[in-house]
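Notes follow once the structure below has been shown.
So that the names make sense, note that chain A is the first sequence line, chain B the second, and so on, each numbered from 1.
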Amino acid sequence: MITVNYFGNIAEATQSDSETLDQKSMSLEELLNLLDSKYDIRKFQFQVAVNRKIIPKQQVLTISDSDEVALLPPFAGG
Amino acid sequence: MITVNYFGNIAEATQSDSETLDQKSMSLEELLNLLDSKYDIRKFQFQVAVNRKIIPKQQVLTISDSDEVALLPPFAGG
Amino acid sequence: MKKVFLEGAISPEFIADSIAKHQGKHSIGAHNIFLGQVRADEVGDNKVVAIEYTTYEEMANEKLHEIREAAFEKFNLTCLHIYHSLGKVGVGEICIFVFVSSPRRKQVYEATEWLVNQVKEHVPIFGKEILDNADHQWKVNS
Amino acid sequence: MKKVFLEGAISPEFIADSIAKHQGKHSIGAHNIFLGQVRADEVGDNKVVAIEYTTYEEMANEKLHEIREAAFEKFNLTCLHIYHSLGKVGVGEICIFVFVSSPRRKQVYEATEWLVNQVKEHVPIFGKEILDNADHQWKVNS
């Protein structure tokens, strides 16, 4: 199971703060393509965090079981 | 009458916050000499304000009746 | 882990309480405090009436911990505190409170500025600006 | 003429009250506050327990007025307040409170720093440091 967390306007688009994908492993690219086909997420500006660290969206990376992915819109603290 | 105000360690030395000198007019130099003879004020670090404006101690200036002179030790606000 | 996130606006009384707690530390000579207050910005014909804050709290706390450590490395500070609201904060209310204390004043201003900028740039906090016509838009830090 | 001088220490409640008074101004987005706190500095074998402040009030008020005007010229501020104690302020207590508010945060840190420095350099305030053996010495700003 891969957990994906959504925030801000992306959570609004997905109508959920979090979902778990029934996958043992997939590449980051596959994951983003899957989410784009479901929610059209590429129309948003966002960064990707894997296990709470921001990584480049283009990074070649295998997301495995128990990894925590988050899509983060622009920060607006303060 | 010329009013002279004392502050901080100078007020401590003169044992007063203020005094009025029974003089119609005198030069700044004469005034400082007079105060030095009374209180030994030259041993202190201080600035002179006349009518609430700081002026150089060496300035050639006549202090007249109703002028307000102040001897100001180093500032310590904040 | 220091608690940063508070539910709702940060009250003046909370700030007074934080100040009072530092009066027993007799090596402190200077405090600097930054407060962010929600502005009634105009958005077309409408006005912002509140901002609703959310965060990715686990990641935010990790980031805030790193920022704290870096600040103590960078500046000569006795202590520092960062508080940020979650949930709804109305216009005129305070949503961020950064509090820096040091023996001397020299570095406190720069330390506060640096901390506020770090929070704005690196901590995953999201703000939904609620307008007076009940519409909303998503805040983006400039 | 704004009132600057207060008898005795500046309380956290007074500060909270000042903050609360600005919550009705909905153009303000950023506040910066500087607080000076009396330190228990060591003087030989003794320690400072309090500072007793006096001022040349007429001249101080004229200077403070000039400083205020210059600050509004120099920085984009919505409002600014300066408060300073007179009389005895014990260690751990607050003797100066500078409060700057602006639509945006950019200039508030520098404005606060500038104001604090101006007060220290140009306002005739005198401080008698009372030691724990009842001796005293006269404070000089560095």
Give the member of D:Gly127, D:Pro124, D:Ala60 that has the highest number of heavy-atom pairs under 4.5 Å with chain B.
-> D:Pro124
Test item: D:Ser102 side-chain N/O and D:Asn76 main-chain N/O as donor-acceptor pair under 3.5 Å = yes
If you round to the nearest 0.5 Å, how far is OG of D:Ser11 from CD1 of D:Ile94?
-> 8.5 Å
Please state whether the side chain, the backbone, both or neither of D:Gln118 comes within less than 4.5 Å of a heavy atom of chain B.
-> neither
Examine whether an atom of D:Val116 lies under 4.5 Å from a heavy atom of chain B, and if so say whether it belongs to the side chain, the backbone or both; otherwise answer neither.
-> neither
Using non-hydrogen atoms only, which part of B:Gln45 is less than 4.5 Å away from chain D: side chain, backbone, both, or neither?
-> neither
Is the D:His22 to D:Phe99 ring centre distance short of 6.0 Å?
-> yes
Check: D:Ser85 side chain, D:Gly8 main-chain N or O, donor-acceptor pair, under 3.5 Å | yes
Interchain contact, D:Glu121 with chain B, by part (heavy-atom threshold 4.5 Å) = backbone
Select one option (side chain, backbone, both, neither) describing which atoms of D:Tyr53 are under 4.5 Å from chain B's heavy atoms.
-> side chain
In terms of heavy-atom proximity below 4.5 Å to chain D, should B:Asn5 be classed as side chain, backbone, both, or neither?
-> side chain
Could you name the residues of residues 61-78 of chain B that have a heavy atom within less than 4.5 Å of a heavy atom in chain D?
-> B:Glu68, B:Ala70, B:Leu72, B:Pro73, B:Pro74, B:Phe75, B:Ala76, B:Gly77, B:Gly78
Which atoms of D:His136 come close to chain B, meaning under 4.5 Å heavy atom to heavy atom: side chain ones, backbone ones, both, or neither?
-> side chain
Electrostatic pair D:Glu62-B:Lys53, nearest N-O below 4.0 angstrom = yes
Check: D:Gln107 main-chain N/O paired with D:Glu110 side-chain donor or acceptor under 3.5 Å = no
Can you tell me if B:Asp36 uses its side chain to pair, donor with acceptor, with the backbone of B:Arg42 under 3.5 Å?
-> yes
Thinking salt bridges, do D:Glu73 and D:Arg68 make one under a 4.0 Å N-O criterion?
-> no
Are more than 12 heavy atoms from other residues, nucleotides or ligands located less than 6.0 Å from atom NZ of B:Lys57?
-> yes
Of the listed D:Val119, D:Ile51, D:Val123, the one with the largest count of heavy-atom pairs under 4.5 Å with chain B is D:Val123
Is the backbone of D:Lys47 close enough, under 3.5 Å, to the side chain of D:Asp132 for a donor and an acceptor to pair up by distance?
-> yes
Which atoms of D:Ile96 approach chain B - backbone, side chain, both or neither, heavy atom under 4.5 Å | side chain
Within the side chain of D:Thr78, is there an N or O that forms a donor-acceptor pair under 3.5 Å with the backbone of D:Ile28?
-> no
